[in-house]
Amino acid sequence: MRRVRVRFAPSPTGPLHIGGVRTALYNFLFARKNNGDMLLRIEDTDSSRFVPGAEDYIVESLKWLGITIDEGIGAEKEGAFGPYRQSERKHIYRKYVDQLLNDGKAYIAFDSPIELESKRAEIPNFQYDAQTRLSMNNSLTLPEEEVRKRLENDEQYVVRIKIEPGEDIVVNDLIRGEVSINSSVIDDKVIFKSVDELPTYHLANVVDDYLMQITHVIRGEEWLPSSPLHVLLYRYLGWENEMPQFAHLPLLLKPDGKGKLSKRDGDRLGFPVFPLNWKDPRTGEIYNGFREAGYFPEAVVNFLALLGWNPGTDQEIFSMDELIEQFSLERVSKSGAKFDYEKAKWFNHKYLQMKPDEEVADIFQRILIEKGFIEDTDKVIKIISLIKDRADFITDLWEQSHYFFEAPEHYDAKAVQKRWKPEIPEQLEELGKMLLSLEAASADEMEKSIKEWISGKNYHLGNLMNALRLALVGELKGPSIFEIVEVLGKEEAARRIKKAIEVLSGES
RNA sequence: GGCCCAUUCGUCUAUCGGUUAGGACGCAAGAUUUUCAUUCUUGAAAGAGCAGUUCGAUUCUGCUAUGGGCUACCA
């Protein structure tokens with residue numbers, strides 16, 4: 001058995017899409033599960049679509065998610081099969097192009113883009129193939145002498161694969177089983193272009209996968225239709241025995257409507273579709289990332305892993321190690337999965353709840369400092385323990401806890417109307433005084449004393465407690481009122497009571 | 001248009017010929033909570049359609065429909 005080697009091979013044309021992230025994740029899980037190697041290769045054969053910074057973005061995204069690379073770009077040690085950027089492998093491809101040319105498996109074509117365009121406009125369903133190639137400008141139709149002259153004159157050309165028609169090509173897909181397609185419907189794809197001396201994706205990925213000894217090609221379903229071409233390429237190159245196994249992953253679809261998830265959907269529906277924030281260097285356009293939206297990488301990984309794969313059990317929460325342990329391509333589903341943002345949020349909620357309060361407090365401290373609050377660590381931990389379960393994100397924490405740090409500036413109008421009864425100011429004032437005279441300082445003790453006091457006075461418990469909450473928080477929300485008093489301290493609580501009476505009774 | 005792939009609750013999915021078709025998200029109701037949330041309980045919610053194979057089909061086959069992908073000197 002050969003050592004398992006898989007690759008994630010994105011092209012640096014912009015930020016890494018979340019679907020690409022999932023492809024990377026499945027490659028990674030498969031490699032780890034089988035004690036194999038995970039390579040990162042950059043497919044930058046289209047020089048015109050290169051976007052600066054995209055490669056770094058890819059590496060940083062994978063790193064953030066805990067998808068570690070063993071070999072290639074972003075690996076600790078690059079590895080013995082480099083270079084891992086296709087643009088740096090120029091010198092390697094030429095040899096195989098010549099081999100195909102010499103073996104009569106490919107030919108040189110001079111048709112200009114304009115000529116091809118007009119051909120397509122002229123003939124419906126025009127395809128450059130066995131039917132049409134003899135009516136085109138190429139080394140099959142031009143005299144040898146003419147071809148040589150054109151090449152000597154540095155005329156632009158492309159190399160096309162010469163597909164033999166009428167043969168059923170079978171691709172054995174690990175997820176879908178046998179997929180068969182007749183070679184007559186495959187066109188003579190461009191495999192090399194003289195303009196930048198680079199191969200196209202089809203040739204480059206076959207050559208590189210072969211040379212890098214890739215055993216499994218795990219990629220998106222959009223490659224399924226061209227995989228027979230790749231099989232043919234392996235065959236024409238004489239590598240069919242070393243051909244990797246294919247696994248085509250179902251696509252990630254839009255949550256509403258139709259089509260595969262695109263970058264526009266994020267803006268349109270208000271959630272990220274990229275791992276990290278990205279600013280387009282040309283347009284200045286901002287794309288939102290999961291990281292900046294407050295997601296934990298573990299939650300994103302967990303969510304993504306289950307979009308298109310499941311182990312057949314009821315387990316929902318998986319650590320990376322558990323995913324590795326349980327992952328298999330056989331259990332990847334065949335149909336596309338709609339991106340469910342609500343579920344993504346739920347995963348993050350779960351992960352937030354699982355994090356120790358100390359750890360959450362540590363992150364929250366940084367937010368507090370940014371807002372200008374210097375707070376005692378134990379106090380912050382205490383607050384986190386009180387409010388954590390009502391937050392989905394670290395970024396929700398401030399919204400849920402601000403009243404611990406700053407007195408309310410205004411009071412929720414609806415709540416005031418409902419709970420600020422005429423008798424309340426007097427009762428609250430008494431309560432404030434009583435509070436200050438208490439020896440007890442813990443929530444439990446205070447609860448006991450205050451409740452006793454209220455029932456002794458025959459005051460309405462619900463009304464008074466809610467009014468107190470209104471005075472302390474400004475709204476009718478939050479954890480136990482006595483816990484709040486404990487954290488605030490009796491003095492601060494009394495101050496807030498006084499202020500609420502001034503503000504609210506002044507108005508009424 | 002041509003080719004390829006897919007099709008179970010609104011969504012993600014389980015089921016590898018015989019199940020009251022299970023779980024999760026979301027939704028609804030109830031309980032708990034002096035509030036909000038959490039939590040717990042309960043509920044509504046699915047085999048695209050039509051043939052065929054079979055004692056028996058969600059499961060196998062075919063057709064139709066629907067959805068998706070590909071059809072570039074892009075990946």
Side-chain angles (χ1 to χ4, degrees), chain A residues 9-13 20 43-46 48-49 86 109 111-113 116-117 120 124-125 127-128 156-160 171 173 175-176 179-182 184-187 189-196 198-202 204-205 219-228 248 250-251 253-260 303 306-317 331 333-347 349 353 387-391 400 415 418-419 447 451 454 460-470 473 475-482:
Chain A
S11 64
T13 53
E43 309 236 328
D44 53 352
T45 50
D46 186 357
S48 66
R49 294 214 310 159
Q86 291 184 330
D111 318 272
S112 70
L116 287 170
E117 215 170 286
R120 275 189 268 266
N125 299 328
Q127 182 172 288
Y128 208 122
Q156 294 295 329
Y157 67 92
V158 297
V159 176
R160 286 181 181 273
V171 179
D173 189 278
I175 294 169
R176 283 151 218 282
V179 176
S180 169
I181 185 173
N182 194 280
S184 297
V185 300
I186 307 176
D187 62 337
K189 278 266 179 304
V190 171
I191 57 170
F192 185 87
K193 46 209 154 68
S194 67
V195 52
D196 51 11
L198 279 166
T200 61
Y201 171 81
H202 302 294
N205 102 85
R219 74 226 305 190
E221 192 186 344
E222 68 266 31
W223 294 109
L224 193 53
S226 59
S227 57
H248 289 94
L251 262 17
L253 272 19
K254 294 178 196 297
D256 58 347
K258 312 146 192 318
K260 73 174 169 179
F303 166 65
L306 256 20
L307 266 186
W309 171 86
N310 82 87
T313 64
D314 285 348
Q315 188 176 353
E316 297 280 343
I317 303 297
R331 291 203 66 90
S333 54
K334 297 180 176 70
S335 49
K338 285 185 184 161
F339 190 87
D340 182 357
Y341 188 61
E342 287 302 324
K343 194 136 188 190
K345 260 162 53 177
W346 176 79
F347 274 109
H349 178 84
Q353 304 318 315
I387 56 126
K388 192 173 73 167
D389 61 3
R390 57 199 74 210
Q400 296 295 343
K418 192 175 166 198
R419 297 292 185 179
E447 175 164 8
K451 278 186 172 169
I454 289 175
H460 190 284
L461 180 76
N463 281 348
L464 193 49
M465 284 295 99
N466 278 296
L468 176 57
R469 178 178 295 282
L470 197 51
V473 176
E475 301 170 71
L476 297 182
K477 65 166 202 183
S480 156
I481 194 109
F482 307 101

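Note that the structure is a prediction, hence the values are computed from the model and not measured. A note on names: the letters A, B, ... follow the listed sequences, proteins ahead of strands, and every chain is numbered from 1.
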Check nucleotides 43-46 of chain B against the protein and report each pair of N or O atoms closer than 3.5 Å, with its distance, or say if there are none.
none

Within the 4.0 Å limit for protein heavy atoms, which parts of nucleotides 69-75 of chain B are touched? Write it as a string from 5' to 3', B for base, S for sugar-phosphate only, - for none. BS--BBB

Nucleotide by nucleotide, nucleotides 31-39 of chain B touches protein heavy atoms under 4.0 Å in the pattern (B base, S sugar-phosphate only, - none) ---BBBBS-

Partner residues of A/Trp346 under the ring pair (Phe, Tyr, Trp, His ring centres under 6.0 Å) criterion, sequence neighbours left out: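 Scan of A/Trp346 (ring pair (Phe, Tyr, Trp, His ring centres under 6.0 Å), adjacent residues dropped) gives none.
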
What pairs with A/Tyr341 under ring pair (Phe, Tyr, Trp, His ring centres under 6.0 Å), at least two apart in sequence or on another chain?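 With neighbours one apart ignored, the set is A/Phe271.
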
Whole-Å [atom1] distance, [N] and [M]:
N     : M     : atom1 : result
B/A21 : B/A45 : C1'   : 13 Å
B/G26 : B/C70 : P     : 32 Å
B/A44 : B/C3  : C1'   : 42 Å

With a 4.0 Å cut-off on heavy atoms, is A/Asn125 in touch with a base, just the backbone sugar-phosphate, or nothing at all?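 Touches a base.
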
What are the atom names and distances for every N/O pair under 3.5 Å that joins the protein to nucleotides 12-14 of chain B?
residue, atom, partner, partner atom, Å
B/C12, OP1, A/Lys338, N, 3.0
B/C12, O2', A/Leu306, O, 3.0
B/U13, OP1, A/Gly308, N, 3.0
B/U13, OP1, A/Ser333, OG, 3.2
B/U13, O3', A/Asn310, ND2, 2.7
B/U13, O2', A/Asn310, ND2, 3.2
B/A14, OP1, A/Asn310, ND2, 3.3
B/A14, O3', A/Arg331, NH2, 3.3

Closest heavy-atom pair and its distance - A/Ser11, A/Glu43: CB-O, 3.0 Å

Test side chain to side chain contact (heavy atoms under 4.5 Å, CB included) on A/Lys343 and A/Leu306; report intermediate values, then the result. CA-CA 11 Å; A/Lys343 194 136 188 190; A/Leu306 256 20; over 6 Å; no

